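Contents: one structure, followed by commentary.
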Amino acid sequence: MVRRSMSPRLDFEAEAIYQYPEHLRPSLAELPRAPGVYVFHGESETLPLYIGKSINLRARVMSHLRTPGEAAMLRQARHITFTRTAGELGALLLEAQMIKAQQPLFNKRLRRNRQLCSLLISGSRPEVVYAKEVDFSHTPHLYGLFANRRAALEKLKNIADEQRLCHGLLGLEKLSAGRACFRAALKRCAGACCGMESVDDHNARLLESLSHLQVMCWPWRGPVAVKEQTDELIQYLVIDNWVWLGTVDNLDDAARLTRASPGFDHDGYKILCRPLIRAEHDIIDLSAT
């Protein structure tokens, strides 16, 4: 949905005076019932109003035009353009890239998070590590992707409270040698700090609680091509280390695509991890060809 930027009163007034945007009707003529990314343009040629994706471009754009809550954006729009893709995965990747690059007025802003961090659990105590310092694509035992250190520690505290884990063993507070932590006296810690529970059991419960947040390492030696296809269009999405390098129509062109910038792509990982790990698409290992 379009991000609201007005006050509730102005939103109400915009909806109250909503009229079907007849001036946009010419832009509908070529919209296909197929996957892709669409752009609402205003007066500015460099700052779009809104960028979206759909598996049915025509139906999705038509739904915008019938939505009174988007009246403010529709009145500013002058025309609509689109880019076809061969599937939803390609549309998701292209949409995220375009929003980050062009920062449309009515989209939720997507920016590269330079504080992106995770919880590294390779020893007895979790450690907050940053994507700018550690290669998240190849580092095992990472759990969760967090906007900053505070968010990572807050998640750790919540798990500790739910599972009666020891704040001292987790590094959340200082622990005096040979003494139970304060939370153990309140029955909020199961007692791994004072021998009432083994440290191994404590750590096992921590890992079980974090298991659904595990960051998956890139499972291939190099880049892969993910095939998407419609009745009239075949495309190959070239991916390396959870980063979308680009899309080609022919595998012979995949070698020319290189990584534009270093670093872990949070948005790319969220879009790609599940479908690639579950092999929901045809995947060609380019390092083996």
Side-chain angles (χ1 to χ4, degrees), residues 1-112 226 228-238 244-249 257 260 265 267-268 270-272 275 281:
M1 292 295 291
V2 171
R3 177 177 63 84
R4 302 292 184 89
S5 59
M6 303 182 292
S7 70
R9 181 176 178 181
L10 291 177
D11 277 345
F12 175 79
E13 291 175 353
E15 293 181 22
I17 60 174
Y18 167 78
Q19 292 182 337
Y20 187 85
E22 294 287 347
H23 63 288
L24 294 176
R25 194 177 290 278
S27 295
L28 304 178
E30 296 182 1
L31 282 170
R33 301 183 186 276
V37 174
Y38 59 91
V39 183
F40 280 85
H41 300 270
E43 297 288 356
S44 172
E45 291 299 322
T46 58
L47 181 63
L49 296 175
Y50 185 78
I51 296 174
K53 63 85 188 170
S54 179
I55 59 173
N56 186 326
L57 285 166
R58 184 173 183 82
R60 182 68 186 100
V61 171
M62 292 289 287
S63 73
H64 280 288
L65 304 190
R66 300 190 186 104
T67 304
E70 300 179 10
M73 186 270 286
L74 295 174
R75 285 201 307 273
Q76 296 180 53
R78 295 295 173 262
H79 67 284
I80 305 164
T81 59
F82 68 92
T83 302
R84 280 284 311 273
T85 63
E88 184 178 19
L89 197 60
L92 283 165
L93 292 167
L94 180 59
E95 177 197 37
Q97 182 191 73
M98 291 175 66
I99 290 174
K100 275 194 269 191
Q102 301 182 45
Q103 298 290 296
L105 181 62
F106 286 89
N107 280 92
K108 179 180 178 181
R109 299 304 174 101
L110 297 178
R111 297 184 176 90
R112 186 177 298 279
V226 180
E228 286 198 302
Q229 183 173 358
T230 62
D231 291 340
E232 66 273 2
L233 184 62
I234 298 177
Q235 292 181 331
Y236 298 91
L237 313 174
V238 183
W244 175 49
L245 304 184
T247 298
V248 296
D249 299 324
L257 297 177
D265 183 0
D267 297 307
K270 289 194 298 182
I271 293 169
L272 292 164
H281 299 74

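It should be emphasised that the depicted structure is a prediction, and the values quoted were computed from it without experimental measurement.
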Taking atom [atom1] of [X] as the centre, report whether more than 12 heavy atoms of other residues, nucleotides or ligands fall under 6.0 Å from it.
X   : atom1 : result
L65 : CG    : yes
E30 : CD    : no
R78 : CZ    : yes

Heavy-atom closest pair, residues [X] and [Y]:
X    : Y    : answer
V37  : L57  : N-CD2, 3.7 Å
D267 : K100 : OD2-NZ, 3.1 Å
K53  : R60  : O-CG, 4.3 Å
M62  : L28  : SD-CD1, 3.5 Å
I271 : A96  : CD1-CB, 4.2 Å
E228 : G90  : OE1-N, 2.9 Å

What distance separates [X] [atom1] from [Y] [atom2], expressed to the nearest 0.5 Å?
X    : Y    : atom1 : atom2 : value
L105 : L49  : CG    : CG    : 6.0 Å
Q97  : Q102 : CD    : CD    : 9.0 Å
L89  : I55  : CG    : CD1   : 13.0 Å
Q76  : S44  : CD    : OG    : 11.0 Å
D265 : L272 : CG    : CG    : 8.0 Å
I51  : Y38  : CD1   : OH    : 10.0 Å

Check your understanding: Do side-chain atoms of Q235 reach the backbone of A86 as a donor and acceptor pair under 3.5 angstrom?
Key ->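 Yes; at least one donor-acceptor contact below 3.5 Å.
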Review point. Distance-only, no hydrogens or angles: does the H79 side chain make a donor-acceptor pair with backbone N or O of P26 under 3.5 Å?
Key: no
Exercise for review: Pick out which of N107, V39, L93 makes a side chain to side chain contact (heavy atoms under 4.5 Å, CB included) with M98.
Suggested key: V39
Practice item. Quick one: do L24 and F40 satisfy side-chain contact (heavy atoms from CB on, under 4.5 Å)? Show the steps, please. Key: CA-CA 10 Å; L24 294 176; F40 280 85; 4.1 Å; yes
Review point. Can you tell which of Y20, F106, Y50 makes a ring pair (Phe, Tyr, Trp, His ring centres under 6.0 Å) with H64?
Key: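 Among the candidates, only Y50 passes.
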Practice item. Give the C-alpha distance, both sets of side-chain angles, the deciding distance and a yes or no for side-chain contact (heavy atoms from CB on, under 4.5 Å) between T85 and L94. Key: CA-CA 9 Å; T85 63; L94 180 59; 4.3 Å; yes
